[in-house]
Amino acid sequence: MDYTVPSPIPISYLKKIFLNSLTPKFYVALTGTSSLISGLIFIFEWWYFHKHGTSFIEQVSVSHLRPLMGRTESSISQPGFSSSNRESETSRHNLSECKVWRNPLNLFRGAEYSRYTWMTGKEPLTYYDMNLSAQDHQTFFTCDTDFLRPSDIVMQKAWRERNPPARIKAAYQALELNNECATAYVLLAEEEATTIVDAERLFKQALKAGETIYKQSQQCQHQSPQHEAQLRRDTNVLVYIKRRLAMCARKLGRIREAVKIMRDLMKEFPPLTMLNIHENLLESLLELQAYADVQAVLAKYDDISLPKSAAICYTAALLKTRTVSDKFSPETASRRGLSTAEINAVEAIHRAVEFNPHVPKYLLEMKSLILPPEHILKRGDSEAIAYAFFHLQHWKRIEGALNLLQCTWEGTFRMIPYPLEKGHLFYPYPSCTETADRELLPTFHHVSVYPKKELPFFVHFTAGLCSSTAMIALLTHQFPEIMGIFAKANQSSSTLAPFISFLQEKLSS
């Protein structure tokens with residue numbers, strides 16, 4: 001008996017039979033399920049991004065690929081140069097960049113911050129900011145020899161007290177023990193005085209007592225290490241009092257007197273440059289419109305070896321802007337090009353914006369100002385607020401300065417497309433500023449973030465996938481015949497012609 005072996009059925013024929021047997025309901029279910037799954041992924045990605053600031057899919061991918069990337073980098077690195085050393089240097093720089101500094105122009109708690117609270121019912125200072133100030137006061141105004149003077153023991157407890165009325169009460173107790181307790185007068189001037197005039201009166205009493213104690217400490221400084229520590233503390237107290245007296249004079253309109261006190265302080269105590277008294281001096285000289293003196297101060301402190309600040313960078317930009325701003329016109333500049341002086345001004349603005357990109361929005365009044373905090377983060381939103389709060393009037397005084405700033409400041413971002421990875425004139429912009437600024441600034445203020453966080457690729461991808469599959473499901477449900485032929489037509493390019501002719505017939509009918 002002969003047996004004939006049946007020939008195998010072609011796979012293309014089975015595929016055709018399977019696709020022809022599919023109904024429109026299958027496509028609706030398929031696309032609907034795909035839309036649901038991609039929608040859930042999109043919702044999760046959106047939630048994860050807003051909670052953690054990054055894409056979950058991207059983070060998982062990078063974490064799994066990191067070992068391979070690490071081996072690749074180490075294999076192509078130059079001999080004698082360790083990538084771990086480079087990372088440690090970067091981390092050390094980031095720590096220094098995210099250091100919180102005492103605001104050189106901080107306001108008076110009783111005469112200014114408390115008055116704001118009385119008027120608005122809002123607290124302008126955060127607990128974190130006030131806690132940093134308490135640590136500063138303990139560093140400046142206490143030492144190991146406080147046990148030698150009963151009034152200093154009381155004041156040591158006062159600086160650690162969190163409750164303002166309790167601090168004020170302790171200051172009066174210290175004055176009962178010693179009528180010449182300079183730090184007690186300082187505390188009362190800062191927190192109890194409700195006007196600048198009252199604060200100045202108390203600071204003058206503190207100055208009288210502080211000078212007496214300082215002279216006594218100078219005579220005993222070589223007797224023991226404890227006496228040297230006491231001299232350092234008394235020096236800090238004296239410098240603090242004189243500086244606040246200069247700020248009182250500036251606020252009361254006696255600007256030349258304030259400038260003289262600041263200049264004398266900088267000559268008498270040159271090692272105390274970390275207090276940034278020159279920034280107080282710059283602001284007072286700008287108020288006097290003594291631009292030559294401002295330039296002289298910048299020549300000394302705008303040095304590559306010294307730490308920068310928004311006050312230094314933007315004041316330098318203001319001086320260069322002042323020479324061209326009154327005649328600057330964007331239309332004219334676009335026709336004839338920029339002159340050398342205009343190029344220098346624009347470059348100075350770009351330099352300032354690269355250092356602190358938050359300042360222009362406050363100077364241009366695109367964002368509302370609040371009272372500056374007692375501590376600032378350099379290159380952060382807190383420093384921008386502190387600078388603009390005092391220097392906005394100086395930019396307004398110079399004709400055309402804000403116009404030139406408005407026309408040129410955004411060009412900085414084209415020069416530095418990836419500011420977190422690469423800088424132009426400064427180090428890359430630190431990524432820690434947003435977190436620190438949220439601690440320093442009150443909750444009612446909308447913290448400025450740079451660079452602005454863009455939605456990750458996978459958020460856009462899942463959103464597009466969810467939308468497209470949902471649209472296909474809807475079209476399949478409404479037009480099952482057309483979408484069925486469309487699905488069959490895509491299985492091979494040879495069947496596209498009937499599909500196109502079918503669509504033409506439908507459209508013509």
Side-chain angles (χ1 to χ4, degrees), residues 97 101 103-105 276 278-283 285-286 291 294-325 328 333 338 340-367 369 372 376-417 419-420 422-430 433 437 448-452:
E97 282 287 335
W101 299 72
N103 182 4
L105 298 168
N276 295 326
H278 59 276
E279 295 193 14
N280 298 79
L281 180 61
L282 282 174
E283 197 280 327
L285 290 174
L286 286 172
Y291 298 113
V294 173
Q295 185 62 57
V297 175
L298 286 177
K300 183 177 180 180
Y301 289 96
D302 193 5
D303 186 81
I304 192 172
S305 61
L306 296 176
K308 297 293 182 292
S309 66
I312 289 178
C313 295
Y314 277 90
T315 301
L318 179 62
L319 292 187
K320 292 186 178 181
T321 300
R322 173 176 166 268
T323 60
V324 298
S325 60
F328 177 79
L338 296 175
T340 303
E342 290 172 340
I343 291 175
N344 292 335
V346 172
E347 288 178 349
I349 290 175
H350 286 175
R351 171 180 180 260
V353 174
E354 180 184 350
F355 182 83
N356 193 315
H358 309 284
V359 172
K361 287 190 176 182
Y362 293 108
L363 293 180
L364 298 172
E365 299 181 88
M366 300 166 63
K367 225 182 156 187
L369 275 171
I376 59 173
L377 181 69
K378 290 191 174 183
R379 306 187 75 178
D381 192 29
S382 52
E383 185 192 33
I385 293 171
Y387 172 80
F389 186 85
F390 293 98
H391 288 262
L392 176 58
Q393 57 182 331
H394 307 314
W395 281 82
K396 286 184 174 181
R397 185 179 294 120
I398 297 177
E399 182 182 357
L402 291 175
N403 178 44
L404 180 58
L405 177 68
Q406 185 175 13
C407 295
T408 57
W409 73 280
E410 290 182 337
T412 311
F413 307 132
R414 291 190 291 271
M415 297 167 53
I416 315 171
L420 295 178
K422 182 180 178 182
H424 180 58
L425 298 173
F426 300 99
Y427 285 100
Y429 189 80
T433 56
D437 279 331
S448 176
V449 179
Y450 173 78
K452 185 176 177 60

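We use all heavy atoms of the structure for the numbers below, so side chains are in, but hydrogens, waters and symmetry mates are not.
The CD atom of Gln295 sits 12.0 Å away from atom CG of Leu285, with the distance rounded to the nearest 0.5 Å. The CG atom of Leu282 sits 15.5 Å away from atom OH of Tyr314, with the distance rounded to the nearest 0.5 Å. Separation of atoms OG1 (Thr323) and CG (Asn344) is listed at 8.0 Å; rounding is to 0.5 Å.
The side chain to side chain donor-acceptor pair (under 3.5 Å) contacts involving residues 395-404 comprise Glu287-Arg397, Glu365-Lys396, Tyr387-Trp395, His394-Arg397, where partners must be two or more places apart or lie in separate chains. Counting only residues at least two apart or on different chains, the salt bridge (Lys or Arg N to Asp or Glu O under 4.0 Å) pairs with a member in residues 345-363 are Asp302-Arg351.
No cation-pi contact links Arg379 to Tyr429, judged by a cut-off of 6.0 Å to the six-membered ring centre and 45° from its axis.
In this view, Ala388 and Tyr362, Leu363, Leu369 satisfy the side-chain contact (heavy atoms from CB on, under 4.5 Å) rule, not counting sequence neighbours. Residues meeting the side-chain contact (heavy atoms from CB on, under 4.5 Å) test with Leu338, sequence neighbours left out: Phe328, Ala333, Glu342, Ile343, Val346. Considering only residues two or more places apart in sequence or on other chains, Tyr291 meets the ring-ring contact (aromatic ring centres under 6.0 Å, His included) condition with none of them. For Phe390, the side-chain contact (heavy atoms from CB on, under 4.5 Å) partners two or more places apart in sequence, or in a different chain, are Leu105, Leu107, Lys251, Glu283, Pro372. For Ser448, the side chain to side chain donor-acceptor pair (under 3.5 Å) test picks out His358, with sequence neighbours left out. Listed by chain and residue number, nothing satisfies the side-chain contact (heavy atoms from CB on, under 4.5 Å) test with Ala296 (two or more places apart in sequence, or in another chain). Applying the salt bridge (charged side-chain N to carboxylate O under 4.0 Å, His left out) criterion to Arg322, with sequence neighbours excluded, gives no partner residue. Evaluation of the side chain to side chain donor-acceptor pair (under 3.5 Å) rule for Asn356 yields Glu383 as partners, not counting sequence neighbours. Every side chain to side chain donor-acceptor pair (under 3.5 Å) that Ser382 has, sequence neighbours left out, goes to Asp437. Residues satisfying the side chain to side chain donor-acceptor pair (under 3.5 Å) test with Thr315, not counting sequence neighbours, are none.
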Is there a side-chain contact (heavy atoms from CB on, under 4.5 Å) between Asp381 and Thr433 once you walk through the steps? CA-CA 8 Å; Asp381 192 29; Thr433 56; over 6 Å; no

Pair Leu405, Thr321 - check side-chain contact (heavy atoms from CB on, under 4.5 Å), show working. CA-CA 8 Å; Leu405 177 68; Thr321 300; over 6 Å; no

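Smallest separation of non-hydrogen atoms from Pro357 and Tyr450: CG-CD2, 3.1 Å. In terms of heavy-atom proximity, Ala345 sits nearest to Lys320 at CB-O, 3.7 Å.
Proximity of Val353 to Pro360: side-chain heavy atoms (C-beta onward) are separated by under 4.5 Å at one or more points. Two residues are said to be in side-chain contact when any heavy atoms from C-beta on lie closer than 4.5 Å; His278 and Ile312 meet this criterion. A 4.5 Å side-chain heavy-atom check between Trp101 and Lys378 finds at least one atom pair inside the cut-off.
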